[in-house]
Amino acid sequence: MPAEQYAIQTGTHPEVTTAKNIARYREQLSKIGFCYDWDRMVRTCDPDFYKWTQWAFIQMFNSYYDQEADKAKPIAELVKRFEKEDPTWATKTEREQQEILMNYRLAYLADTKVNWCPALGTVLANDEVSEGLSVRGGYPVEQRVMRQWSLRVSAYAQRLLEGLDRIDWSESIKETQRNWIGRSEGAEMLFQIKGLDEAFTIFTTRADTVFGVTFMVLAPESEYVQKVVTAEQQAEVEKYLQWVKTRTERERIADRKVTGVFAGSYAVNPLTNKEIPIYISDYVLAGYGTGAIMAVPAHDSRDYAFAKHFGLPIIPLIEGADVSNESFDAKEGVMMNSGFLNGMQVKDAIAAMKAYIEKEGIGRVKVNYRLRDAIFSRQRYWGEPFPVYYKNGMPYMLPEECLPLQLPEVDKFLPTETGEPPLGNARVWAWDTEHKQVVDKSLIDNKSVFPLELCTMPGFAGSSAYYLRYMDNHNNEALVSKEANNYWQQVDLYLGGSEHATGHLIYSRFWNKFLFDLGYICQDEPFTKLINQGMIQGRSNFVYRYIGEGATGNLFVSFNLIENPEYKDKVQPIHVDVNIVHNDLLDVQAFRSWLPEYKNAQFIYSDGSTDEDNPYIGQATPKQYICGWAVEKMSKSMFNVVNPDDIVAKYGADTLRLYEMFLGPLEMSKPWDTNGIDGVHRFLKKLWNQFENLSDDEPTPDELRSLHKLIKKVTWDIEHFSFNTSIPAFMIAQSELSKCSKKQILKEFAVLLAPYAPHIAEEMFSLCGGVGTVFDAKWPECNEKYLEESNVKYPVQFNGKVRFTIELPKTASREEVEKAVLQDEQTPRFLNGGSPKKIIVVPGKIVNIVV
RNA sequence: GCGGCAUUGGCGUAAUUGGUAGCCGCGCCAGACUUAGGAUCUGGUGACGCAAGUCGUGUAGGUUCGAGUCCUAUAUGCCGCACCA
């Protein structure tokens with residue numbers, strides 16, 4: 001998208017921009033010393049790669065979800081079934097047959113209400129829209145109906161949900177996906193419309209509350225709206241519907257005021273046979289359930305607010321529930337006012353009512369999912385073309401052997417003047433079915449040459465299965481060979497941001513399960529283990545501009561003084577470039593030359609003095625201006641951006657790597673504060689100095705102990721992704737071994753350090769006589785023999801408080817330890833005249849005496 | 001509103017199975033070397049207290065010989081979802 005935006009602005013082909021960005025990223029990754037097997041590189045915009053994206057799309061088009069088998073199957077099997085079971089099938093025209101099949105295909109065309117963004121000339125997915133504005137660009141988005149490709153992700157809802165229990169992902173991201181899938185068990189019920197031979201279906205999770213239904217509500221977009229509007233109400237309803245249309249998504253969400261309108265008609269409560277009014281309100285969403293609800297104001301807070309506003313009756317259904325001021329939403333208590341449900345617990349009442357509904361044929365038990373199908377068309381240029389041509393308005397797939405269908409050249413990357421997507425600008429963009437090739441559009445005759453699809457695929461098309469391609473990226477015969485797939489199986493560890501929770505990580509799982517169903521791959525989940533790395537946040541600094549009486553806009557107050565009465569509420573915090581602040585002290589000269597507006601900046605320093613008090617600022621005893629700080633997103637506008645390239649240039653990649661790990665646990669977000677970096681840099685320098693005069697002497701037991709302690713720690717840390725705790729271990733070992741220059745020790749040290757600080761470790765390894773690269777060296781093994789201590793230092797507690805420690809042989813038995821502690825000269829002091837009530841000895845750990 | 005995660009010195013953090021809270025680093029303080037220091041080295045640094053000692057892991061309870069760790073409630077912050085029936 002940025003590449004396409006750039007193309008629109010400058011005419012530079014997105015391919016050029018993308019190639020440049022890839023090169024830049026690769027350079028940066030290399031600079032930091034990341035190891036990748038570049039032979040396995042894939043690029044989703046490369047025709048050799050997107051051939052398989054198109055191939056997968058064709059498979060989805062040619063598949064349906066078999067509910068009984070609970071998996072995807074070839075659509076040919078469904079056709080066979082229709083031929084066998086439906087006598088009218090053969091009498092239908094091809095077009096009719098195709099239209100029916102479209103309701104089953106996993107990739108299908110449908111009229112969808114979409115988020116249309118006029119400024120971008122494109123449709124956005126739900127997760128690409130935020131508060132009525134496009135996530136990228138921030139343009140207004142409106143609702144519009146459009147015929148688009150969709151992927152039937154919803155068919156996999158239950159399996160996507162169940163699969164979560166079998167994968168080792170963070171609880172937070174699994175929970176996010178569970179919520180996104182949104183399974184709810186409930187019932188669908190029919191409500192007759194009075195005076196019409198029509199009924200509409202509602203979905204409810206609270207079947208037990210039917211006796212308390214006092215009105216119905218339809219979503220403004222519901223197809224039933226026109227049917228239930230009476231002549232008298234027509235004008236008012238129209239007015240309301242028009243008003244709803246003008247509301248942006250943002251307003252609909254943010255505004256919690258009750259709005260709605262009476263439709264004029266009544267429905268009949270199937271249990272009480274009472275007539276209840278039908279309303280239209282935008283608090284009911286068209287996209288969820290059936291777009292219609294039965295309102296139970298006593299036990300649903302939104303229904304309650306609506307009933308209060310329109311003066312509708314509220315019937316409490318649970319004994320003891322006070323609904324005079326708010327609804328009682330909890331699913332607990334004993335039923336009342338509910339006919340045959342009276343006296344039952346809510347849970348039992350729900351079950352009883354569901355059974356009743358099915359028995360009486362007024363509805364059915366239903367599981368509802370919030371998860372919606374993914375819209376798969378984009379009105380953009382820079383994406384994978386669909387391998388699709390249109391015959392009589394019906395889509396047909398290109399033969400698989402003709403893939404990839406390459407993206408055509410266009411003059412401009414904008415939508416056409418007639419509102420077609422950018423591919424409408426391509427001249428050579430028609431499919432010749434006889435010669436099986438792309439030909440000039442002027443040749444379209446709708447007999448053997450047909451128009452090609454003008455939309456392209458979205459970003460997640462290429463990113464959904466790329467990991468499978470890593471397994472076998474040079475294979476021209478298959479996405480991945482059986483052999484390669486059986487060898488690699490699935491991704492062992494996926495390290496990624498949590499922002500992908502409801503997008504990429506759902507689509508990938510869907511895509512993978514689909515390929516699994518068709519037998520192309522051997523695992524139904526793509527990513528065994530997933531870790532969300534924390535975000536590196538920015539640490540901003542502030543100066544405080546005086547805005548009180550007599551302010552010139554040029555005076556800045558030190559942070560430590562801003563709470564003083566003369567400055568309190570009279571200063572305005574202003575972001576200042578973190579690069580001219582050191583340990584929260586402002587470089588005032590640099591500040592004055594930073595931006596022209598600060599050229600004549602004056603300061604009230606930390607001791608309350610001003611520039612005039614000391615004309616020799618910056619010389620003998622510099623006064624200090626203290627800055628405030630805050631943790632915020634790293635962003636240019638907050639002047640807290642730190643470029644890794646600059647850090648590498650100044651300290652080297654190894655220091656950058658060590659410091660980044662040192663900041664804290666992998667999964668945790670943390671602020672980047674360059675000020676602490678000297679610590680790890682010093683460590684590397686000190687360690688490096690030990691390699692000056694290397695010796696071949698035999699190591700002492702102490703040296704071996706330090707080394708093997710380190711081996712044990714670092715090995716454990718790596719296996720547990722606890723890289724931050726390794727750095728202190730290295731520092732401690734370095735400090736213990738600071739006098740050691742023995743190759744035997746330092747060589748192993750270098751091997752341990754290699755994953756953390758690869759460049760310097762490689763040098764160190766070589767200096768110690770290591771052969772080849774350190775990365776091929778055998779990982780050191782911890783020998784417990786060197787760690788054994790003959791004595792244990794027991795902390796001795798009295799009533800849980802540590803009073804002293806006592807050193808005893810490791811072999812001492814429980815009784816011996818107890819005896820030794822009681823005989824210790826310090827013990828009587830803490831017994832305080834009393835006698836030990838109980839003595840707990842944990843061998844090798846601790847002693848606790850209860851007095 | 002629902003769900004997840006977090007809360008430990010001035011700061012980033014550590015404490016791996018319920019067993020000496022604060023490792024390591026930054027910052028700060030003192031000293032050494034130095035013409036000088038945003039260099040290097042050494043020592044100190046949770047709070048209160050002269051000390052013995054007392055207190056101390058957001059808050060309030062609980063379990064336990066013993067709780068940063070387990071349980072209950074609660075506050076605050078961050079993230080995700082949301083007029084979701």
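Proteins get letters first, then strands, A, B, ... in listed order; numbering begins at 1 in each.
rG43(B) is paired with rC29(B) under the criterion used here, namely a Watson-Crick or G-U wobble arrangement in which both key atom distances are under 3.5 Å. Remark: rG37(B) base-pairs with no nucleotide; criterion is Watson-Crick or G-U wobble with both hydrogen-bond distances under 3.5 Å. Of all nucleotides present, only rU76(B) satisfies the Watson-Crick or G-U wobble test against rA6(B), with each distance under 3.5 Å. The partner of rU63(B) cannot be assigned: no Watson-Crick or G-U wobble pair with both contacts below 3.5 Å exists in any strand.
Here, rG68(B) and rG56(B) have their C1' atoms 11 Å apart, quoted to the whole Å. Rounded to a whole angstrom, the distance from the P atom of rG58(B) to that of rG3(B) is 23 Å. Nucleotides rG80(B) and rU74(B), compared at atom P, are 25 Å apart to the nearest Å. When the C1' atom is compared between rC11(B) and rG22(B), the two are found 14 Å apart, to the nearest whole Å. Distance noted for atom P between rU64(B) and rA82(B): 45 Å (whole Å). One P atom belongs to rA75(B), the other to rA60(B), and the distance between them is 15 Å to the nearest Å. Taking atom P in both rA67(B) and rA51(B), one finds a spacing of 28 Å when rounded to whole Å. Annotation: rG37(B) and rA32(B) have their C1' atoms spaced 14 Å apart (nearest Å).
Of the candidate nucleotides rC83(B), rA82(B), rA14(B), rA14(B) has the atom nearest to the side chain of Pro665(A). Checking rA85(B), rC65(B), rG27(B) against the side-chain heavy atoms of Thr205(A) singles out rA85(B) as nearest. For His582(A), the side-chain atoms get nearest to rG38(B) when compared with the rest of rG12(B), rG38(B), rA85(B). Relative to the side chain of Arg370(A), the nucleotides rG27(B), rC81(B), rG38(B) differ in distance, and rC81(B) lies closest. Set against rC83(B), rC55(B), rU20(B), the side chain of Tyr283(A) has rC83(B) as its closest nucleotide. Listed nucleotides: rU20(B), rC81(B), rA85(B). Nearest to the side chain of Thr502(A): rC81(B). With rU40(B), rC24(B), rG12(B) as the choices, the nucleotide that has an atom nearest any side-chain atom of Leu663(A) turns out to be rG12(B). Out of rG27(B), rG19(B), rC83(B), the shortest distance to the side chain of Lys845(A) is found at rG19(B). Checking rU40(B), rG19(B), rC83(B) against every side-chain atom of Asn848(A), the shortest atom distance belongs to rG19(B). Comparing atom distances between the Phe662(A) side chain and each of rG38(B), rA85(B), rG12(B) picks out rG12(B) as nearest.
Taking the six-membered ring for Trp and the full ring otherwise, the centers of Phe215(A) and Phe310(A) sit at least 6.0 Å from each other. When ring centroids are compared, Phe749(A) and Phe730(A) come within the 6.0 Å threshold. The aromatic ring centroids of Tyr369(A) and Trp180(A) lie 6.0 Å or more from each other.
Residue side chain Lys713(A) reaches the base of rU16(B) through a donor-acceptor N/O pair under 3.5 Å, judged by distance alone.
At a threshold of 4.0 Å, the pair Glu736(A)-Arg705(A) does not count as salt-bridged, since none of the basic side-chain nitrogens sits closer than that to a carboxylate oxygen. Salt bridge Lys650(A)/Asp646(A): absent, no basic N to carboxylate O contact under 4.0 Å. Between Arg178(A) and Asp165(A) there is a salt bridge, since at least one side-chain N of the basic residue sits less than 4.0 Å from a carboxylate O of the acidic one. Taking the charged nitrogens against the carboxylate oxygens, Lys366(A) and Glu185(A) have no contact shorter than 4.0 Å, which rules out a salt bridge.
If you check every strand for non-hydrogen atoms under 4.0 Å, Asp673(A) touches nothing. At a threshold of 4.0 angstrom between heavy atoms, the contacts of Lys366(A) with the nucleic acid are absent. Nucleic acid contact for Val842(A): base, since at least one base atom lies under 4.0 Å from a heavy atom of the residue. When heavy atoms are screened at a 4.0 angstrom cut-off, Ile732(A) is found touching the sugar-phosphate backbone but no base atom. Using a 4.0 Å heavy-atom cutoff across all strands shown, Arg803(A) reaches sugar-phosphate atoms only and no base atom.
Note on Lys670(A): every side-chain N or O is 4.0 Å or more away from OP1 and OP2 of rG12(B). For the pair Arg178(A) and rC84(B), the criterion of a side-chain N or O lying under 4.0 Å from OP1 or OP2 is not met. When the side-chain nitrogen and oxygen atoms of Arg302(A) are compared with OP1 and OP2 of rA82(B), none of them lie within a distance under 4.0 Å. A close approach under 4.0 Å does occur between a side-chain nitrogen or oxygen of Asn724(A) and OP1 or OP2 of rA14(B).
Annotation: of the two residues near RNA chain B, Ile846(A) and Trp629(A), the 5′-most nearest-nucleotide partner is Trp629(A). With RNA chain B read from its 5' end, the first of the two nearest nucleotides for Ile173(A) and Leu585(A) is the one closest to Ile173(A).
Applying the 90° criterion around 0 to the glycosidic angle, rG25(B) comes out anti.
When each of Val581(A), Asp577(A), Asn541(A) is tested with Leu586(A) by the rule side chain to side chain contact (heavy atoms under 4.5 Å, CB included), just one qualifies, namely Val581(A).
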